[in-house]
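None of the values given here were measured: they were computed from a predicted structure. Positions are given from 1 along the sequence.
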Amino acid sequence: MARGALRIYLGAAPGVGKTYAMLEEGQRLRAQGADVVVGFAEPHGRRLTAALAEGLETVPRRTLVHRGVSFTEMDLDAVLARRPQVALVDELAHTDVPGCRNAKRWQDVEELLDAGIDVVTTLNVQHLESLNDVVEQITGVVQHETLPDEVARRAAQIELVDLPPEVLRRRMVHGDIYPPDRIESALTHYFRVGNLTALRELALLWLADRVEEGLQRYRTDHGIATPWETRERILVGLTGGAEGETLIRRAARITARTPGSELLALHVVPGDALAGGSPAALDGQRALVESLGGSYHQVTGDDVVEALLEFARAENVTQIVLGASRRGRLSRLWHAGVGQRTIHGSGPVDVHIVTHEAAAGSAARARLPLPYRGTGRRRYWLATAGTTLLLPALTWALTALRGRLDLSADLVLYLLAVVVIALVGGLWPALVAAVAAALLADYFFTAPPHSFAVEHGHDILALVAFVTVAALVGSAAGAAARRSYQAVRATSEAQALSRLATAMMHGQDLPALVEQIRENFGLTAVSLLERDPGAGARPRWYVVASAGEQPPERPYDGDLESPVDDTLTLAARGQGLSREDRQLLAACAAQLAVAYTQGRLARHAAETDTFAAAERTRASLLVTAVRELRTCLDTAAGALARADEPEQARAATVRSSVRRARRIVTDLDDLSRLHAGALDLCLRPVELSEVLTTALDDLGPGGHTLVLSLPEELPDVIADAALLTRALTALAADALRHSPAGQPPVVTAELLSGGRLALRITDGTDGSPVPAERGRSLALRLSRDLVEAMGASLRSSDAHAAAFAVTLVLPASAAPPGSAAP
């Protein structure tokens, strides 16, 4: 019997429409004549989803009792006995109630597939076993219902059901996913935009990997060895040498330039296992590859090139990155290196040969000390220029004085010139000047003249003594110059760190500090980057602060990188820095990290205070709502208990209390939607008279008792008509509820300076103190939040004032003709 086919609708989160898509597919198959039954479908109270199941045969569920509670599960035996062509089974990762034959629903589905029944099912990405820990890091929620990835991989077809995070949150607010009592908690925790975006990326990447597996199987089954460049795969070859980090970063930059590309690193262990690289270096390079989102591999092969190319063909690699050969030119003449042989055998695969300090010809140069390291580049070249100018000029002058000075005087003057050169440029220019001065003295001032031959033995002794003294004096002067240069440099480094610390103490923000570092080092652009620790194998970098043009967005985008810790690094673009400058840059980066950490702690403390204030406000609102609802219920209960009143009057009182309770619940719902950012604003010029008319109509018969005292001509106000109407209705209803009989509330309006309009609502009290709770009413809080969301303001009288008054200040679109501001 042929095994059935499994089709999975995969989603990033609940509510994207997986069950709807499954039922829609069932209706499509049924219309084509297939025998389709619903084994288990959970619409979660969604009307459109439940309606889509109509017309499909549904196998009755099985009822089980566990710990005194009744549950319904898919009746596996009934579906097997019915034996349809296609069974629709929702929630593949579901855990069955104890008492069922299998512990997991995917095991039930396996039995259906073994019976030759095709199954269409649904799955959320957070239930995949391999992503369980990543989802926990992102959302903070532990998923107890998991599914082995192998079960999903065996599916004949996986289709992604996707919605943008903003649309999903809007569905949540409208009650299309969770019941009302769970909406606010879901929006502020699991259904945050960042969480939904990360889950969406996980779903897309996991599905892309499954597509890639299918492509690899196809290429293997059809014997296709030529790479298909459906996705760029960059392979970096590692030997365990010092150049490994350079190659990895170069390959990472190539990978970053192509979205969707993949980084792989390979170390080939020789067959005798005797010539492998340093284990410690390879461990460090493995960690670097994985931190950059790549994967590390190791194979064994007698021929390194053949093993490298075989791995590249198997993994569909499109580019290979290798280091330049460390062997000398003579060795390369006798035998081709790994890079050259790889180029000859790579075929369509591009090969990049990257130079590095360990390459042949550069290692010796790297080990030699720089001649200007002690005094600086500028002074070194100044001393060199002085040697070429001062010594010839001195020789010309001494030639003009020939006969007046003897050889000893000439050598003393040459020694003075060597000392001056040593003080400026250090030891190496001094040695060159000493040798050059000795040769000039020999050629021009020792017998025979104009010849390097020396006639008298004492002249030889004088020249040797001169070179020795000049070398010693030059060495001492060079050491003094070097120490002077180092002292100046240390002072400048201390000043740079001091300026940075002073700026931090004065509270300068991170961009200003980064700009200061950029200016101090003469760099083109600098960025402080933070790595998302919960991004999994493929790191995600965020720019904390930057300065300059086109600052690097990832560490490998820059020319320089100074890591601070596991998550923070400083990346820069610009001219290469010396070793000392790099050390100073690392110190500045450490200070910058301290400033960022302190700022983050301060923001966290502020957010904690804000959250605590929001919680206090929420608790106050709930207390107010409970008090007002209790008042409504007490009024209704009292009316029902009074038997002496006419039934019609009691019914009117009860209806009024119910309307008020409903309005309170509506206010709470509007507040939660407003705080969740789910209310759309449409700001435009609004005619105030039309808004007031609509608000009075919404108030019902009681609204006609308000007194309107408005100028004949009023400008339009900039507002959202629906939200402004809602706010005015809530305030007017609050004023009506507290005004004494015969003293209706009054609504007035006046034009203020600065293109603003003030709308004032006062109750009809006679000046006696009002209850404190009136100033903290739910309607007032709702109105204030609605008005502030439109960019306007609302002022109310103090809670213990003698009268209740509310003033709305709205921006006016244009002043009416002939009006004057007071």
Side-chain angles (χ1 to χ4, degrees), residues 3-11 13-31 34-124 126-128 143-148 151-152 155 159 161 175-179 181-182:
R3 178 180 167 87
L6 177 63
R7 178 172 184 173
I8 298 177
Y9 284 99
L10 178 69
V16 295
K18 302 179 301 298
T19 304
Y20 188 93
M22 179 189 72
L23 294 172
E24 192 174 42
E25 175 64 12
Q27 292 285 9
R28 188 185 68 81
L29 293 174
R30 174 176 171 271
D35 183 14
V36 182
V37 301
V38 178
F40 185 92
E42 185 57 68
H44 295 285
R46 299 161 195 161
R47 181 173 51 82
L48 294 177
T49 304
L52 200 58
E54 296 177 359
L56 293 174
E57 179 184 349
T58 301
V59 177
R61 299 185 184 184
R62 178 187 177 191
T63 302
L64 299 97
V65 178
H66 178 62
R67 295 181 179 178
V69 181
S70 296
F71 298 91
T72 60
E73 293 285 359
M74 180 179 69
D75 194 338
L76 176 60
D77 293 328
V79 178
L80 289 172
R82 171 64 176 75
R83 198 171 187 79
Q85 288 180 286
V86 181
L88 308 182
V89 182
D90 208 359
E91 299 177 355
L92 183 60
H94 171 75
T95 300
D96 291 342
V97 175
C100 295
R101 182 159 67 240
N102 297 311
K104 296 286 188 176
R105 183 165 293 163
W106 66 265
Q107 295 171 326
D108 297 339
V109 168
E110 287 292 317
E111 290 197 31
L112 296 177
L113 295 173
D114 290 338
I117 301 173
D118 295 341
V119 176
V120 182
T121 186
T122 64
L123 177 68
N124 279 331
Q126 65 262 30
H127 295 301
L128 290 166
Q143 298 292 337
H144 297 288
E145 291 186 334
T146 58
L147 175 80
V151 175
E159 184 173 337
V161 183
D176 295 337
I177 302 176
Y178 286 166
D181 58 334
R182 296 177 58 190

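- Side chain to side chain, His94 and Glu73 meet the donor-acceptor criterion of an N or O pair below 3.5 Å.
- Within the 4.5 Å cutoff, the side chain of Val120 has no heavy atoms near those of the Val36 side chain.
- Atoms CG and OG1, on Leu88 and Thr58 in that order, are 8.5 Å from each other to the nearest 0.5 Å.
- Side chain of His127 to main chain of Glu145: a donor-acceptor pair is present (N/O by atom type, distance under 3.5 Å, no hydrogens or angles).
- Note that CD of Glu91 is 9.0 Å distant from CE of Met22, once rounded to the nearest 0.5 Å.
- Take His144 and apply the side chain to side chain contact (heavy atoms under 4.5 Å, CB included) test, not counting sequence neighbours, and it matches Val142.
- In this structure, the side chain to side chain donor-acceptor pair (under 3.5 Å) partners of Thr72, at least two apart in sequence or on a different chain, are Arg61.
- Counting only residues at least two apart or in different chains, salt bridge (charged side-chain N to carboxylate O under 4.0 Å, His left out) contacts with residues 108-121 comprise Arg3-Glu110, Arg3-Asp114, Arg101-Glu111, Glu110-Arg154.
- For the salt bridge (charged side-chain N to carboxylate O under 4.0 Å, His left out) test, residues two or more places apart in sequence or in another chain that qualify with Arg28 are Glu25.
- With values rounded to the nearest 0.5 angstrom, Leu147 atom CG is found 11.5 Å from Asn124 atom CG.
- Partners of Glu57 under the salt bridge (charged side-chain N to carboxylate O under 4.0 Å, His left out) rule, at least two apart in sequence or in another chain, are Arg82.
- With sequence neighbours excluded, no residue satisfies salt bridge (charged side-chain N to carboxylate O under 4.0 Å, His left out) with Arg47.
- In this structure, Thr122 contributes its side chain and Asp90 its backbone to no donor-acceptor pair below 3.5 Å.
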